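Encoded as structure tokens, the structure appears first; notes follow it.
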Amino acid sequence: MSARTTRGLEKSVVLVGMMGAGKSWVGRRLAVRLGVTFTDADAEIEAAAGCSIEDIFELHGESAFREGERRVIARILDGPPIVLATGGGAFMESETRDKIRQCATSIWLRTDIEALLKRVARRNNRPLLKNGDPREILERLLAERTPAYELADITVDSDTSGRDTTVETVLAALARHGEIDTPPKRDGKNTARA
Ligand code: S3P
């Protein structure tokens, strides 16, 4: 076990959870602390498709988006270990969930409705929130998706305590899970990873 601080992260860390859970924000900081690359699955899907997620939904529909999402996430996870933030629906797809289970450690950033609502209000480019009341949509999606999110390897609450605390909690959970030795310090002095 003690040799682990000198070894790189062996498996990718994949953040799952609802829109507005803070996956990208937390993922970026987590990657810095772990000394690996951060990748945002949605940004990769947009790059692969050559258009925005809104346009993919509008022009080709949600099932085409899910197909692209599945392919892009599988390709990313075949590469070297990274921190990957996934879109809120990715972990609902059983094939994607299996791929994540095989190749990575999954972390559900569990967030309550009030925190989600506050955070999704900052952006208006989420196609699933466009046709109706965001509270109703998020409540429905959260209820539908919670059983799948619960299958993640690790669950971390990401609503009340602030995002910096969430990053620390995720690092501590990864250490408990045996994916890293001790959580790397903020100054990066004991990171030595990847
Ligand atoms: C979606 C969440 C979005 C994006 C797409 C669909 C979802 O990502 O993938 O709009 O199904 O919840 P974020 O979770 O990063 O907002």
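First listed ligand is number 1; within each ligand, the first listed atom is number 1. Everything numeric here is computed off the predicted structure, so don't read it as measured data. Sequential numbering from 1 along the given sequence is applied to the chain's residues.
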May I ask you to check if R29 and W25 form a cation-pi contact, with NZ or CZ under 6.0 angstrom from the six-membered ring centre and within 45° of the axis?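 Verdict for W25: a cation-pi partner in R29.
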How would you list all residue pairs meeting side chain to side chain donor-acceptor pair (under 3.5 Å) that involve residues 132-144, not counting sequence neighbours?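 Listed by first then second residue: E114-R135, R140-E144.
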By ring pair (Phe, Tyr, Trp, His ring centres under 6.0 Å), which residues pair with F65, not counting sequence neighbours?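 Result, ring pair (Phe, Tyr, Trp, His ring centres under 6.0 Å) vs F65: F57.
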Quick check: closest heavy atoms across R126 and V120, and the distance to 0.1 Å?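 Between these two residues, the closest heavy atoms are NH1-CA, 3.6 Å.
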For the residue pair K11 and P81, what are the closest heavy atoms and their distance?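 Result for this residue pair: C-CB, 3.9 Å.
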Would R101 and D98 pass as an ion pair if we require N to O under 4.0 Å?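 Salt bridge: yes.
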Do E168 and R33 meet the salt-bridge criterion of a basic N to acidic O distance under 4.0 Å?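 Between E168 and R33 there is a salt bridge, with a charged N closer than 4.0 Å to a carboxylate O.
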Output yes when the distance from some N or O of ligand 1 to some N or O of G17 is under 3.5 Å, and no in every other case.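 For ligand 1, there is no N or O atom that lies under 3.5 Å from one belonging to G17.
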Would you check whether K23 has a nitrogen or oxygen atom less than 3.5 angstrom from a nitrogen or oxygen atom of ligand 1?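 By distance alone, the answer is yes.
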Hey, which atoms in ligand 1 end up nearer than 4.0 Å to a heavy atom of [X]?
{"X": "D42", "value": "3 (C), 4 (C), 8 (O), 9 (O), 13 (P), 15 (O)"}
{"X": "R126", "value": "16 (O)"}
{"X": "P127", "value": "10 (O)"}
{"X": "L128", "value": "7 (C), 11 (O)"}
{"X": "G89", "value": "7 (C), 11 (O), 12 (O)"}

Given that the side chain starts at C-beta and the backbone is N, CA, C, O, which of these parts of I45 lies under 4.0 Å from ligand 1, counting heavy atoms, or is it both or neither?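 Looking at I45 and ligand 1, no heavy atom falls under 4.0 Å.
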Sub-4.0 Å heavy-atom approach of R145 to ligand 1: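 Yes, R145 has a heavy atom closer than 4.0 Å to ligand 1.
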Are any of the heavy atoms in R66 under 4.0 Å away from ligand 1?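 So R66 counts as touching ligand 1.
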Which residue and heavy atom of the protein sit nearest atom 1 (C) of ligand 1, plus the separation: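 Ranking protein heavy atoms by distance from atom 1 (C) of ligand 1, first comes G88 N, 3.9 Å.
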Between S24 and D40, is any side-chain donor less than 3.5 angstrom from a side-chain acceptor?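 On atom types as modelled, these side chains qualify, holding a pair under 3.5 Å.
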